[in-house]
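In what follows, a single structure is set out as structure tokens and then discussed.
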Amino acid sequence: MTNDKKKITDSGIEIKALYTTVDSKQSTELPGEFPFTRGIQPDMYRGKLWTMRQYAGFSTSEESNKRYHYLLSQGVNGLSVAFDLPTQIGYDSDHALSEGEVGKVGVAIDSIEDMQTLFAGIKLEDVSTSMTINATGFILLAFYVALAKQQGADLKKITGTIQNDILKEYAARGTYIYPPKPSMRIITDIFEWCAKELPKWNTISISGYHIREAGSTAVQEIAFTLSNGKAYVKAALEKGLDINVFGKRLSFFFNAHNNLFEEVAKFRAARRMWAKMMKQLGATDEKAMMLRFHTQTGGSTLTAQQPLNNISRVTIQTLSAVLGGTQSLHTNGYDEALSLPTEEAARIALRTQQIVAFESGVTDTVDPLAGSYFIENLTNEVEQNAWDLIAKIDAMGGSVNAIEQGFIQDEIARSAYEYQRQIESDEKIIVGVNKFIIDKEASIPAFKIDDSIRQLQVDKLNKLKSRRDDIKVKECLRKITNAAKDGSNLMPHVIEAVENYCTLGEIANVLRKVFGEYK
């Protein structure tokens, strides 16, 4: 007897029991050809594997530096920095609101001196660094550039990414400082400055990751992310920037969840959609139409129950990202539902990528799932559903308006509620959570951060402030204020300020006075 119960993905796409030639409109273009459904490089991983990054940052810059050296010794070829909450929202470690949060979810960075320690013994010219930072992204980029200059690096060779995606902060995550319009202005300042001074730097990583973590579906993840991308492109065009120049430095950041085939279809559809979108917006250089993306495995899919099961989940998610053609990948530690990842968990996560790369055979040929009746059909379905959502956002006047009206937030909340309802009613099975439960859980060693970290950071700040030239500091902060008011590019002034030992909190605060805070 067959089970004829309908199978529906979290995005509401019905999956048939069988797919044949009738279901599949094949994509006929080759990899490396517009609209890049099959990948942005003709040879994909045969030419070069994806960048294996491990996201790390905790406690002090000294402790994080040790983890970076360990990861580099284990075969990581790109660093990815996590910052603590005070750093993300523009407060120094000695601010009253920083109490209890210093060094907890990432590393505390208050000044150029913390940045020097964070990258001690690491040549910035030799490593690609991704920094997950948004509202204060311009300040962290200034710290990084100032450090590269101190190292004598050629800025034309420096590679990496700042996330710098403020729209998804309003929609899904909440670490914003300034209102949308001045925030967009800061982002276009970064685009403009980097195009001239830091040409290999990815100036934004337009993030679907946090939209998915907040509870969206796969279709919503790409629809909302590409809509945000369109808003950034339009803001840059309004500033008079060249889409064929800044377009090449836009990158994306997606989530990889457990539904292997829907995730592969999502990545393929997103590439095709972005290429069409950029062409419509006026791009003529194909490199400016290519959607390049980093992937992180799904944090929200990790369970605190039977945490070792997460190794299997992360493996499936790794496969989906690789089969979907990612350029860069971070794999989560199995213990992250409990604490920051231990060194062992970080190593297993990296080994998962290495086993997929070197033992599974999936990297031997380009886009190995292309031509599958099911994958081609699902790619088309995901694309069509995402375009339908984008049309609704366009009708509201674009992402900024849709966020201000609460549309995107409400859509995500509805999906998150529905997903949770299905788990609680056992319609959706999560192994070890609502089925296949065990009575006694083995204890997993947790990685905890000591509250004394804050005092260490405060002591460092006090020493820094006692040594620096206060007249220079005031002058630098005044220049930032003037640039914020007269509309000139902020980046050169922020770099000068950090070189003269202005702190992150001081720079963020002078802009709070000019731009106000978003409530």
Side-chain angles (χ1 to χ4, degrees), residues 55-71 79-122 124 129 131-147 150 162-163 174-175 177 339-343 446-470 472-474 476-477 480 494-495 497-512:
Y55 185 49
F58 52 86
S59 171
T60 59
S61 45
E62 289 85 353
E63 289 301 311
S64 295
N65 176 261
K66 284 179 198 165
R67 178 66 66 91
Y68 295 152
H69 280 284
Y70 172 75
L71 290 168
L79 295 175
S80 191
V81 186
F83 298 96
D84 72 357
L85 277 173
T87 304
Q88 292 181 50
I89 50 176
Y91 293 120
D92 289 334
S93 299
D94 59 1
H95 194 284
L97 291 175
S98 300
E99 193 167 343
E101 290 297 342
V102 175
K104 287 288 170 73
V105 298
V107 62
I109 300 290
D110 295 320
S111 74
I112 181 74
E113 290 187 348
D114 286 330
M115 206 67 161
Q116 288 161 346
T117 311
L118 186 66
F119 290 101
I122 298 168
L124 301 191
T129 303
M131 294 188 276
T132 304
I133 194 77
N134 297 286
T136 54
F138 66 107
I139 307 174
L140 271 299
L141 178 61
F143 284 144
Y144 198 82
V145 169
L147 179 58
Q150 286 176 0
I162 39 170
Q163 192 161 95
T175 65
I177 304 174
S339 69
L340 287 167
T342 57
E343 208 165 82
F447 184 43
K448 293 280 182 252
I449 299 298
D450 196 321
D451 277 325
S452 65
I453 296 302
R454 182 171 188 236
Q455 195 51 53
L456 288 174
Q457 283 298 113
V458 171
D459 292 345
K460 280 195 222 168
L461 271 168
N462 290 338
K463 281 182 191 152
L464 173 88
K465 287 177 180 175
S466 71
R467 288 195 307 266
R468 66 187 188 176
D469 182 336
D470 286 341
K472 275 257 172 71
V473 166
K474 283 187 180 132
C476 288
L477 295 175
I480 293 173
V494 177
I495 292 166
V498 304
E499 288 175 331
N500 283 289
Y501 302 100
C502 294
T503 68
L504 170 119
E506 288 168 337
I507 295 166
N509 274 339
V510 295
L511 292 177
R512 277 186 176 95

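Every heavy atom of this structure was used, including side-chain atoms; hydrogens, water molecules and symmetry mates were not.
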Quick one: does S64's side chain have a donor or acceptor within less than 3.5 Å of a partner on S61's backbone? no
If I compare all heavy atoms of T136 with all of T87, which pair ends up nearest, and what's the gap? OG1-O, 2.9 Å
Pairs in or reaching into residues 98-119: which pass ring-ring contact (aromatic ring centres under 6.0 Å, His included), with residues at least two apart or in two chains? F119-Y144
Contact list for residues 95-109, test salt bridge (Lys or Arg N to Asp or Glu O under 4.0 Å), sequence neighbours left out: E99-R454, K104-D451
Is there a donor-acceptor pair under 3.5 Å between the side chain of N65 and the backbone N or O of L118? yes
Would a 4.5 Å heavy-atom cut-off, applied to side chains only, mark Q116 and L147 as touching? yes
Go through the structure and list residues passing salt bridge (Lys or Arg N to Asp or Glu O under 4.0 Å) with K474, not counting sequence neighbours. none
For I89, give me all partners under side-chain contact (heavy atoms from CB on, under 4.5 Å), at least two apart in sequence or on another chain. Y91, T175
Do you know which two heavy atoms are closest between P86 and L504, and how far apart they sit? O-CD2, 4.3 Å
R468: partners by salt bridge (Lys or Arg N to Asp or Glu O under 4.0 Å), with sequence neighbours left out: D470, E506
Quick one: do the S111 and E113 side chains pair a donor with an acceptor below 3.5 Å? no
Donor-acceptor contact present, side-chain D84 to main-chain G103, <3.5 Å: yes
Does atom NZ of K472 have more than 12 heavy-atom neighbours from other groups under 6.0 Å away? no
Sequence-distant partners of Q163, side chain to side chain donor-acceptor pair (under 3.5 Å), two or more places apart: N134, K168
Salt bridge or not between D110 and K460? Use side-chain N to carboxylate O under 4.0 Å. no
